[in-house]
Structure formats: structure tokens, C-alpha cells
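These figures come from a predicted structure and were not determined experimentally. The analysis underlying the following values was restricted to heavy atoms, covering all of them including side chains, and did not include hydrogens, waters or symmetry mates. The first residue of the sequence shown is numbered 1, and numbering continues consecutively from there.
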Amino acid sequence: MAQDAAIDTPVAHGGDGVRRRDFINIAAVSAAGVGGLAVVYPLVSQMSASADVLAESSTEIDIAAVQPGQAIKAVFRKQPVFIRNLTPAEVAEAGKVDVTSLRDPQTLQERTKEGHENLLITMGVCTHLGCVPQGAGAGEVKGEFGGYFCPCHGSHYDTAARIRKGPAPKNLLVPDYEITGTVVKIG
Ligand code: FES
């Protein structure tokens, strides 16, 4: 029983039950935490954008004049954006594709807003190395799948701006946007 007593005896415990070594560890972490906050806060503070900068970072475009089969190029955060009013045939073409066969599987519905499946809004930046694809301007080449064609290394996007051929790994990016009446607000 002398052995049991030795085990039960609180060795190196303080009066409050916290072992001295634990207290030292907690104190060290707390000090590090305070130091960490002091360093991190100015960085976070510098990184947070002011309200006027955030407001400038969205783009509003009235698309009333964009007829089916037409597209326009806009600028969002200094990068090109394509806004395309798909024809019923282009919508149907996008719907015919077996999504599971795609490199970056997405339906047209997943890339557009409900009730506005004809309005395809994407960044005009090739997902390979960032060139601006053709296909949004009048008379521009649309590639083998009728959407966009990137002449830099030959990426072809379909009528839902999904990558179908060439080196680009992803579909053209769909930015965050809202549609109110005929106005599209991107960002
Ligand atoms: Fe478009 Fe390379 S940047 S295919």
C-alpha cells in the first residue's frame, strides 16, 4: 500500500491544482499570443479595404441593348468581362453536352442565374495563362464549339464558356453578379 500512496500523492502541484510546469506553459503561450496580436493587427488593418474602394470594385452594366447572339465586353477590377446573350440554339447546344465528359463539369444552369439562362457572364480571361479569348466581339472567331477561342495556345470554349479543347484547365470564371431588370451588377 505504500506504493499506492506514493502514486496518489500530488507531486509538484500548486495549491490550486495546476502543476507548475503547466502554468509555465500557459504563461508562455499567453505572452506569445499577446505578441502575435500586436504584430498581426496592423497587417490586417492595412489589408482591409475602405468602403469607397469596395464600392469602386463593382461594375454595373445596362444590357438592354444586347440582343440574342450578341456579346459585349466590360471591365471589372481592371479585367475583361464578357456578357453574352445566348440564342435559344446556343442554350440548347450547351444543354446537349454530357457534363460528365467535361474537363470542368458544370451545366449552363450552374453558370447562369435561374430565369436568365441565356445571360452568360464570365471573366474574359483564359484559364490557361490569362490571355483574352476571342468570341465576344463582332466577327471574332468563336472556336470549334461556338463559344470563345483563345489564340495564345488554342483553347476552345463552348457556348457556356466551358473548356472543351486545348490546354486551359478550367471553364471561364463566372464572377459574382446580380441582375436587376436590365442591369447587371458584377462584384
Ligand atoms: Fe489561353 Fe494559353 S492563355 S490557351
Side-chain angles (χ1 to χ4, degrees), residues 44 47-49 51 53-187:
V44 171
M47 281 160 48
S48 59
V53 170
L54 284 175
E56 279 176 19
S57 65
S58 64
T59 298
E60 288 193 15
I61 304 132
D62 191 332
I63 55 163
V66 185
Q67 298 300 311
Q70 292 182 333
I72 57 171
K73 299 175 189 178
V75 176
F76 170 56
R77 292 180 187 163
K78 299 184 179 171
Q79 294 197 309
V81 178
F82 298 157
I83 300 175
R84 188 161 176 164
N85 189 349
L86 300 172
T87 63
E90 288 171 328
V91 171
E93 189 66 30
K96 271 195 248 164
V97 179
D98 174 8
V99 173
T100 61
S101 72
L102 296 174
R103 190 177 300 170
D104 183 9
Q106 271 189 320
T107 63
L108 176 64
Q109 286 67 30
E110 288 168 333
R111 294 174 58 71
T112 53
K113 300 283 188 204
E114 192 174 354
H116 297 279
E117 284 82 3
N118 60 313
L119 275 182
L120 180 65
I121 299 172
T122 63
M123 299 307 296
V125 179
C126 181
T127 59
H128 180 222
L129 293 175
C131 287
V132 179
Q134 296 182 355
E140 288 184 0
V141 176
K142 293 181 176 169
E144 291 180 22
F145 298 87
Y148 298 104
F149 171 68
C150 182
C152 288
H153 313 94
S155 284
H156 297 254
Y157 297 87
D158 68 11
T159 58
R162 297 172 297 198
I163 182 63
R164 299 291 295 277
K165 184 177 176 183
K170 307 287 281 182
N171 304 331
L172 292 189
L173 183 74
V174 176
D176 286 338
Y177 68 90
E178 295 167 9
I179 301 174
T180 308
T182 61
V183 174
V184 172
K185 182 181 176 191
I186 303 172

Phe145-Tyr157 aromatic ring centre distance below 6.0 Å: no
Which value, rounded to the nearest 0.5 Å, describes the distance between Glu178 atom CD and Ile121 atom CD1? 11.0 Å
Taking Thr59 for the side chain and Gly187 for the main chain, is one N or O donor matched with an acceptor at less than 3.5 Å? no
Say whether, by atom type as modelled, one donor and one acceptor occur between the side chain of Glu110 and the main chain of Thr107 under 3.5 angstrom. yes
Distance col, row Ile186:CD1 vs Ser58:OG, nearest 0.5 angstrom, shows 9.5 Å
Would you mind reporting whether Leu120 and Thr112 have side-chain heavy atoms less than 4.5 Å apart? yes
Under a 4.0 Å threshold between the charged nitrogen and the carboxylate oxygen, would Arg164 count as salt-bridged to Glu144? no
With distance as the sole test, does Thr159 use its side chain to make a donor-acceptor pair with the main-chain N or O of Glu90 at under 3.5 Å? yes
Between CG of Leu119 and CG of Leu86, what distance do you get to the nearest 0.5 Å? 8.0 Å
Could you measure the distance from the CG atom of Asp98 to the NZ atom of Lys96? Nearest 0.5 Å is fine. 13.5 Å
How long is the span from the CE atom in Met123 to the CZ atom in Phe82, to the nearest 0.5 Å? 9.5 Å
With sequence neighbours left out, the residues meeting side chain to side chain contact (heavy atoms under 4.5 Å, CB included) with Ile72 are Ile61, Ile63, Val66, Ile83
Backbone of Asp104 reached by a side-chain donor or acceptor of Asn171 within 3.5 Å: yes
Evaluate the side chain to side chain donor-acceptor pair (under 3.5 Å) criterion for residues Asn85 and Gln67: first the C-alpha distance (whole Å), next the side-chain angles of each, then the deciding distance (0.1 Å), finally the verdict. CA-CA 6 Å; Asn85 189 349; Gln67 298 300 311; over 6 Å; no
Please report the interatomic distance CZ(Arg84) to CG(Leu172), rounded to the nearest 0.5 Å. 10.0 Å
When you measure from the centre of the six-membered ring of Phe149, is the NZ or CZ of Lys142 under 6.0 Å away and within 45° of the axis? no
With the threshold set at 4.0 Å, does a side-chain nitrogen-carboxylate oxygen contact exist between Glu140 and Lys73? yes
Please report whether the SG atoms of Cys126 and Cys131 are separated by less than 2.5 angstrom. no
Between Arg111 and Glu117, does any NZ, NE, NH1 or NH2 come within less than 4.0 Å of an OD or OE carboxylate oxygen? no
